[in-house]
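These notes concern the structure reproduced below.
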There are 2 protein chains.
Amino acid sequence: MTTMRPAPRPAGAERLLTPGEVAGLFRVDPKTVTRWATAGRIGSIRTPGGHRRFRESEVNALLAELTTPGPALG
Amino acid sequence: MTTMRPAPRPAGAERLLTPGEVAGLFRVDPKTVTRWATAGRIGSIRTPGGHRRFRESEVNALLAELTTPGPALG
DNA sequence: TGATATTCGGGTAATTCGGGTA
DNA sequence: CGTGTCCGAATTACCCGAATAT
């Protein structure tokens with residue numbers, strides 16, 4: 001079995017996430033992530049076939065930005 | 001995809017629950033869960049669309065913290 | 001080349017949001 | 001003070017067949 005590692009990227013290249021992966025992070029339907037892209041709420045990159053990919057750094061930044069910390073447990 | 005690549009798990013990524021799911025755990029109206037979040041009693045993550053998601057671990061911790069043990073069963 | 005999972009599109013239910021109120 | 005409910009508006013979830021990705 002050939003292990004399918006993600007192809008090594010040139011320095012500076014951004015790691016891309018699929019709609020399903022982004023959906024998993026937000027606990028949302030993949031189609032919802034698509035709507036975010038259509039609405040311009042999140043940047044997206046299109047494959048030649050028309051499928052969307054999302055920048056991991058942007059997704060993580062968005063997550064952090066929309067996260068409200070809970071109370072200090074005690 | 002013959003072999004599903006494991007979804008990248010950025011540090012801090014957790015299982016998230018919807019307001020309705022949290023409400024079900026506490027036997028409370030979903031709106032009440034929303035109020036907890038607004039009052040800062042529980043942390044929350046907002047989708048770009050404004051809907052809230054809650055960390056499963058935090059919810060469970062809250063459940064355990066607010067639980068008073070009953071008499072030991074013989 | 002084929003096999004399988006995912007993501008297109010669109011449409012239509014189901015949740016959730018926010019404010020106000022009891 | 002905390003919770004449940006009513007309302008309209010917005011967002012999200014599930015349905016399908018067809019195309020794309022690996």
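All chains are named by letter (A, B, ...) in the order of the sequence lines, taking the proteins before the strands, and each is independently numbered beginning at 1. Just so you know, these numbers use all the heavy atoms, side chains as well, and skip hydrogens, waters and symmetry mates.
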- request: Measure from the side-chain N and O atoms of A:E58 to the backbone N and O of A:G43, and report whether any donor-acceptor pair falls under 3.5 Å.
  value: yes
message: Need the pair for C:dA22. Rule: Watson-Crick or G-U wobble, both distances under 3.5 Å, any strand; none if unpaired.
response: D:dT3
- line: Testing C:dG9, D:dT20, C:dG18 for proximity to the side chain of B:R52, the answer is C:dG18
query: So A:T67 and B:R55, side chain to side chain contact (heavy atoms under 4.5 Å, CB included) or not? Walk me through it.
result: CA-CA 10 Å; A:T67 295; B:R55 295 167 227 232; 2.9 Å; yes
message: Treating B:R41 as the side-chain partner and B:W36 as the backbone partner, does any N or O pair qualify as donor plus acceptor under 3.5 Å?
response: no
Gap between atoms CG and C1', on B:L17 and C:dT15 respectively (whole Å): 15 Å
query: What one-letter contact string describes nucleotides 2-10 of chain D from 5' to 3', where B marks a base within less than 4.0 Å of any protein heavy atom, S marks contact via sugar-phosphate atoms alone, and - marks no contact?
result: SBBBB----
- request: Go through C:dG9, C:dT7, D:dA13 for me and flag the one nearest to the A:R46 side chain.
  value: C:dG9
query: Just wondering, do B:L17 and B:R53 contact through their side chains at under 4.5 Å, heavy atoms?
result: no
query: Phosphate oxygens OP1/OP2 of D:dT11: is one of them under 4.0 Å from a side-chain N or O of B:T47?
result: no
- request: Any strand is fair game: report the nucleotide pairing with C:dC17 by Watson-Crick or G-U wobble, both distances under 3.5 Å, or none.
  value: D:dG8
- line: Between CD1 of A:I42 and P of D:dT12 the distance, given in whole Å, is 12 Å
- prompt: Just how far, in rounded Å, is P of C:dA14 from CD of B:E21?
  reply: 17 Å
- prompt: Counting only side-chain N and O atoms of B:T34, is one of them less than 4.0 Å from OP1 or OP2 of C:dC17?
  reply: yes
message: Under the rule for side chain to side chain contact (heavy atoms under 4.5 Å, CB included), what residues qualify as partners of A:A37, not counting sequence neighbours?
response: A:I42, A:S44, A:R52, A:F54
- request: Compare every heavy atom of B:P48 with every heavy atom of A:L66, then report the nearest pair and how far apart it is.
  value: CD1-N, 3.8 Å
task: Output, in order, the C-alpha distance, side-chain angles, deciding distance and verdict of side chain to side chain contact (heavy atoms under 4.5 Å, CB included) for B:V59 and B:F26.
output: CA-CA 10 Å; B:V59 171; B:F26 281 91; 4.0 Å; yes
query: Taking atom P of C:dT16 as reference, at what distance in whole Å does atom CG of B:L16 sit?
result: 14 Å
field: Complementary nucleotide for D:dT20 - Watson-Crick or wobble, under 3.5 Å
entry: C:dA5
